[in-house]
Amino acid sequence: MIMRHHLKCYGCEGLFTVRLGTEPTKGTRFYIPCPLCGYPNKGLMSGMELEDHRLDLECELANGPDPEISGAPVITVNPFVPSRYDADSLASEAVSVGMFPTMTVLQLLGDEVYEAFQTERHEAIEAGRSAWPEVRKLFRFYLLGNDQMFTRIANEKFGLEWEPTTAHERTTVAYQALGIVTTTITGTTGTSAEGVIRRFGMKHTAAMKRDDSHLMAFRSRGQLTAATERDLFTEIDRFVDQHESWELGLLSRFVGPEAKSELEELVLYRDEFATVRDLYQQGFELACKCLWPLVAAQNTLKRSSPDDFGDAHPDSVPEKLRPTNLKKFDGLANAYKLAYVTQVPGWESFADLLNNRRRNTIGHAMAHHDLRTGRVTSDKDPDGMTYLEFLGETLGVFEALSTLAQVLRAVRVASSPDFNVPYDWKPGMTPPADAQTAPRRRG
Ligand SMILES: [Zn+2]
């Protein structure tokens with residue numbers, strides 16, 4: 001809904017009217033650029049219901065009867081929908097597309113795509129709000145090792161009709177629940193997760209059969225993956241908790257190449273750069289720490305050892321840095337790790353999801369959100385990107401994290417304490433359950 005407010009600009013003290021788009025929100029930081037002087041008047045709105053809606057503004061409300069400020073400029077600001085800057089500021093209230101931000105997006109996408117976008121968007125928001133709290137609870141009990149509570153939540157909240165009695169069964173249940181919600185939040189348009197995970201599953205299964213060293217590598221990294229599992233869950237939880245601030249990144253996946261330049265002109269009046277950048281950066285770093293199982297599967301499949309990189313080095317990786325085992329791979333810079341992964345057919349999408357060039361712009365110490373232009377820039381990259389593109393990059397990192405969580409699941413299952421490796425494991429013995437199929441009880 002749109003609320004009208006008459007405001008006195010905090011900067012120039014001039015009077016103007018804002019038509020402020022309002023939606024249920026846990027808390028949204030935004031700004032209203034003064035149509036007279038350009039000063040970004042900051043604000044915070046919150047409230048999931050209309051009754052408890054709260055608006056805090058840096059500038060004063062200019063009370064008084066309407067006629068007093070008739071003729072004052074009007075601006076439409078909707079922190080939930082991108083719109084054209086200056087579309088109607090300084091203009092009369094004549095109907096123009098820019099006045100109705102939703103119309104702007106509708107025009108940009110066309111009816112059909114707009115509807116698909118709205119459907120995915122609302123499913124994503126709903127998944128984060130209503131399904132995630134239960135998944136969070138389930139996963140926390142999984143991490144705590146409270147098997148009793150884990151089973152209770154799985155039965156009561158997820159309709160699981162059997163009792164997961166082994167660690168690898170609980171791992172599978174926990175990650176399936178996680179995956180359902182993260183997949184919904186990522187949406188289906190323009191995603192690559194399914195293909196990446198399927199390909200990894202095939203390679204991983206084949207690698208287990210190919211050489212025992214593959215399983216041994218996963219087992220010997222048990223401690224490492226336990227810590228990574230906790231960090232990965234914590235990070236995904238932070239992303240979902242802050243979903244409102246970056247969910248509009250989804251829009252970039254619905255805009256065709258011909259409309260890209262129009263998207264460039266849209267401004268989103270949100271003022272949450274610091275929050276979202278923090279998610280983006282931490283998520284990016286963590287995702288790069290979780291790439292090794294992909295590389296391990298590829299190495300074993302091709303050369304019978306997860307540590308054997310053979311001659312398959314990307315050109316971009318300097319000769320002296322080329323890893324000779326997984327441990328050395330762990331120590332590589334993110335760009336080089338990504339180069340190893342993205343050279344494998346089917347995994348190229350990580351180059352888009354974790355775009356290192358954009359990471360350098362966003363993560364640069366001088367990077368900032370220019371409220372006038374609506375762009376994220378740094379002194380190294382003065383052109384930068386639009387805030388919407390930045391949110392699109394953040395969605396990319398979230399997709400990478402949720403995809404890699406499912407990759408990590410295979411590692412956790414394969415290295416489960418249920419299988420009496422490494423103590424009684426000997427080369428030549430059959431590796432335990434196939435990590436990608438539903439686990440069966442042993443014996
Ligand atoms: Zn002003």
Side-chain angles (χ1 to χ4, degrees), residues 1-23 25 27-47 53-105 244-245 248 263-277 366-379 382-391:
M1 65 183 288
I2 302 275
M3 309 249 240
R4 280 176 79 95
H5 299 284
H6 304 304
L7 302 179
K8 183 176 166 188
C9 172
Y10 186 75
C12 71
E13 300 188 356
L15 299 178
F16 66 98
T17 299
V18 64
R19 305 167 76 250
L20 186 63
T22 305
E23 283 185 25
T25 171
T28 296
R29 293 191 177 279
F30 64 97
Y31 63 101
I32 303 168
C34 170
L36 299 164
C37 74
Y39 184 88
N41 292 273
K42 303 213 172 180
L44 170 66
M45 70 168 80
S46 61
H53 190 265
R54 211 186 129 90
L55 182 65
D56 292 302
L57 291 171
E58 180 185 26
C59 56
E60 280 172 51
L61 289 173
N63 291 317
D66 263 5
E68 264 185 47
I69 58 160
S70 63
V74 180
I75 186 167
T76 303
V77 166
N78 191 332
F80 305 91
V81 186
S83 48
R84 291 184 217 283
Y85 191 89
D86 276 353
D88 57 344
S89 64
L90 303 171
S92 68
E93 292 203 42
V95 174
S96 72
V97 170
M99 285 179 65
F100 301 101
T102 42
M103 289 295 288
T104 309
V105 178
E244 278 187 14
S245 63
L248 261 173
L263 187 69
E264 286 258 307
E265 287 165 25
L266 300 189
V267 175
L268 187 65
Y269 296 100
R270 296 187 85 100
D271 184 30
E272 297 161 331
F273 178 64
T275 308
V276 183
R277 176 168 77 165
M366 301 303 281
H368 77 292
H369 179 201
D370 184 326
L371 300 182
R372 182 81 208 191
T373 61
R375 296 184 82 86
V376 172
T377 57
S378 77
D379 54 355
D383 282 341
M385 68 196 80
T386 66
Y387 194 73
L388 271 176
E389 288 175 303
F390 161 61
L391 298 185

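All ligand and atom numbering here is 1-based and tracks the order in the structure. Given the structure is predicted, the values throughout are model-derived calculations rather than measurements. No hydrogens, no waters, no symmetry mates; every other heavy atom, side chains included, goes into these values.
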Item to complete: Check each of Y387, Y39, Y10, Y269 against Y31 using the ring pair (Phe, Tyr, Trp, His ring centres under 6.0 Å) test, and report the only one that passes.
Response: Y269

Worksheet entry | Neighbour count >12 (heavy atoms, 6.0 Å) for atom CZ, R375 | yes

Item to complete: Would you indicate whether E60, at its atom CD, is surrounded by more than 12 heavy atoms from other residues, nucleotides or ligands within a distance under 6.0 Å?
Response: no

Worksheet item: Do D271 and K42 meet the salt-bridge criterion of a basic N to acidic O distance under 4.0 Å?
Response: yes

Practice prompt. Would you check if there is a donor-acceptor pair between the side chains of T386 and E389 at a distance under 3.5 Å?
Written response: yes

Worksheet item: Protein N, O or S atoms at less than 2.8 Å from the Zn ion (ligand 1), how many?
Response: 4

Item to complete: Determine, for F390 and R277, whether the Lys NZ or Arg CZ falls below 6.0 Å from the six-membered ring centre while staying within 45 degrees of the axis.
Response: no

